[in-house]
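Structure, as structure tokens:
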Amino acid sequence: MAPRRNADAPAETGDREAAGLAARRVAQVVVADLLGKGRGLALEDALAQGARTAGLDAADAGLARAIATATFRRLGYLERALGARMAQGLPRNEPRLLALLATGAAQILDLNVPDHAAVDLSVRLAKGDRALQHLAGLVNAVLRRVVRERDAILAEADAPLRHNTPDWLASRWRAAYGEERAAAIAAAHLRGAAIDLTVRATPETSLDIWAERLGAVVLPTGSLRLTDVRAPVAELSGYGEGAWWVQDAAAAIPARLLAPRAGERIADLCAAPGGKTAQLAASGARVTAVDRSAPRLERLRQNLARLGLEAEVRTGDAVDLPETDAFDAVLLDAPCSATGTIRRHPDVAWTKTGADLAKLTALQARLLDRAASLVRPGGRLVYCTCSLEPEEGEAQVAAFLARHAAYERVPVEPGEVGGLPDLIGAEGDLRTLPAHLGGADPAGLGGIDGFFASRLRRRN
């Protein structure tokens, strides 16, 4: 960790200070809104909207993103540390105060930000907020204490399952995976996520060639992992010519399990932003990509254009897909709680609740039933979610098979997932955990998103 400047040093002045203040205001407002369930947006979308509204340049938008992400990644630790340093404890149901203190403390504890900037600009934010200006002195005192006691606070940051994971998730993961694996999942979330790539295979290229060009590691599952990214992804070799696209290693597996073949007619339901669509189209299949979000589908179209791939793109709800001709195969990446992506999207842990599951599982069941009706006899259906919750994975498929006697499970074989049997559940479904691929090991490959996928076949 780089040394910080003294917290009592004079504040920055001029344009740089104004820019730093604006970035911190965006981070604080976004964190407060998400904690208060005000917008219903994901962190990345809320930050992008906030940066546009505030007119932030790329550097300040990046600073706001770093602060907000660090805050959510260690929110449990931050709440514990802040509450222990306040006479009356941390007030409940005060998302704006919590966001201001937590974003300030995250800068002090987790980011290479001068202490005086973190403290001074947090106080300025308090003074500029009518609801918080009377607490500016408290903000100053608490954050200065965090500066003085940084080493002790960092030393206390242990047991991430107990101290840095919402209780409702910790208890669920203990029940589903046992104490040891649940603890490994929570530890993996603290490490964040690497950038993985799916390479478009051609006779002239291979994974090894692109690994050498990009300084990447070839993962057992067939993806590339960037190990030292010092430039924007769009500036890396191969991006402009569409040689690869960004896609987490776990997210790339379901389309491979579908085993698409040239000329087949395949539906990709809930397709945006399009990584799986690209995989299917690159196989030579005739792909119909369906999603209800027009803006996300526009991003899918842009990605396909860059990659030189084609697909029929439809805007609409997959449940209402007006299709009479059966598909050879259907891929359903269903809306879910996204708890498997917390290492990449740490806000998920703190903005979702157990109550969300009932609505999501009901929607998943409807989508699965519709997807099943679109598959021709003898065709394949792959259902997947980026969730760690069994209700959205194993239990969902078990209920589906009980409803649909015409379908049977086709178990995943170790050779299809890089020879890693740990990625296969008891019933033969894919089940990746963030702690797989060394996610909790500093010397490992850096983990993988939590994903579930089941391969099903419609009997002739």
Side-chain angles (χ1 to χ4, degrees), residues 40 42 45 247 251-260 264-281 283 285-304 309-338 340-341 356-377 379-387 389 391-393 395-397 399-401 403-404 406-407 429-430 451-458:
D45 294 333
Q247 186 178 30
I253 298 175
R256 294 173 184 152
L257 296 181
L258 199 65
E264 284 192 314
R265 191 159 178 262
I266 299 179
D268 184 8
L269 307 183
C270 309
K276 298 176 184 66
T277 300
Q279 289 178 277
L280 299 173
S283 73
R286 294 177 293 135
V287 182
T288 299
V290 183
D291 200 280
R292 64 187 305 176
S293 171
R296 283 166 57 84
L297 278 179
E298 181 56 34
R299 181 180 169 192
L300 181 149
R301 289 187 179 94
Q302 293 171 359
N303 287 336
L304 290 179
L309 298 171
E310 294 183 357
E312 178 189 358
V313 179
R314 298 186 187 180
T315 304
D317 196 320
V319 173
D320 302 320
L321 184 64
E323 191 62 54
T324 56
D325 296 331
F327 290 91
D328 295 297
V330 173
L331 175 61
L332 171 59
D333 187 356
C336 69
S337 62
T341 69
D356 297 322
L357 284 177
K359 295 179 182 178
L360 288 166
T361 54
L363 173 60
Q364 291 155 10
R366 293 199 302 273
L367 287 168
L368 253 176
D369 288 343
R370 182 58 179 142
S373 71
L374 300 174
V375 179
R376 67 164 176 78
R380 295 103 63 207
L381 167 62
V382 168
Y383 165 79
C384 62
T385 61
C386 55
S387 169
E389 314 317 308
E391 294 93 329
E392 299 182 281
Q396 190 69 259
V397 170
F400 170 83
L401 289 173
R403 294 194 305 271
H404 294 270
Y407 275 85
D429 298 320
L430 175 76
F451 240 86
F452 171 87
S454 184
R455 180 171 53 196
L456 307 162
R457 179 169 53 216
R458 184 172 184 175

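Residue numbers start at 1 and run along the sequence shown.
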What closest approach, in Å, do Ala255 and Leu280 show between heavy atoms, and which atom pair accounts for it?
CB-CD2, 4.2 Å
Taking C-beta and beyond as the side chain, do Gln279 and Arg256 meet within less than 4.5 Å on heavy atoms?
yes
In the structure I gave you, are the side-chain heavy atoms of Asp333 and Pro254 within less than 4.5 Å of one another anywhere?
no
Apply the side chain to side chain contact (heavy atoms under 4.5 Å, CB included) test between Phe327 and each candidate in Val375, Leu374, Ile266, Val287; give the one that qualifies.
Leu374
Can you measure from CG (Leu331) to CG (Leu269) and round to the nearest 0.5 angstrom?
7.5 Å
Does a sphere of radius 6.0 Å around CZ in Arg376 hold more than 12 heavy atoms from other residues, nucleotides or ligands, not counting ones at 6.0 Å or beyond?
yes
Contact check, side chains of Cys384 and Leu430, non-hydrogen atoms, under 4.5 Å
no
Pairwise distance CG(Leu401) to OG(Ser454) - rounded to 0.5 angstrom:
6.5 Å
What are the two closest heavy atoms between Arg380 and Ala259, and how far apart are they?
NH2-O, 3.0 Å
Would you compute the distance between atom CG of Leu297 and atom CG of Asn303 and round it to the nearest 0.5 angstrom?
11.0 Å
Side chain to side chain donor-acceptor pair (under 3.5 Å) for Ser337 and Glu392? Distances and angles first, verdict last.
CA-CA 8 Å; Ser337 62; Glu392 299 182 281; 2.6 Å; yes
CG of Asp369 to CZ of Arg403, rounded to nearest 0.5 Å, is 4.0 Å
Evaluate the side chain to side chain donor-acceptor pair (under 3.5 Å) criterion for residues Thr277 and Asp268: first the C-alpha distance (whole Å), next the side-chain angles of each, then the deciding distance (0.1 Å), finally the verdict.
CA-CA 6 Å; Thr277 300; Asp268 184 8; 2.5 Å; yes
Would you confirm whether Glu310, through its side chain, and Ala281, through its main-chain N or O, come within 3.5 Å as a donor-acceptor pair?
no
Minimum heavy-atom distance between Arg458 and Ser373, given as atom pair plus value:
NH1-O, 4.3 Å
Hey, does Phe451 have a side-chain heavy atom less than 4.5 Å from the side chain of Ile253?
no
Distance from Asp317 atom CG to Ser293 atom OG, nearest 0.5 Å?
12.0 Å
I want to check something: taking the side chain as every heavy atom from C-beta on, are Gln247 and Lys276 in contact at a cut-off of under 4.5 Å?
yes
So, for Arg301 and Val313, which heavy atoms are closest and what is the spacing to 0.1 Å?
NH2-CG1, 3.5 Å
Looking at side-chain heavy atoms only, is the closest gap between Asp291 and Leu300 below 4.5 Å?
no
On a heavy-atom basis, which atom in Ala453 and which in Val382 lie closest, and how many Å separate them?
CB-CG1, 4.5 Å
I need the minimum non-hydrogen distance between Leu357 and Glu389, along with the two atoms involved.
CD2-CG, 4.1 Å
Between the CD atom in Glu264 and the CG atom in Leu258, the distance rounded to the nearest 0.5 Å is 7.5 Å
Close side-chain approach of Phe400 to Tyr383, heavy-atom, < 4.5 Å
no
Look only at the side chain of Asp328 and the backbone of Arg265, and say whether a donor-acceptor pair between them is shorter than 3.5 Å.
yes
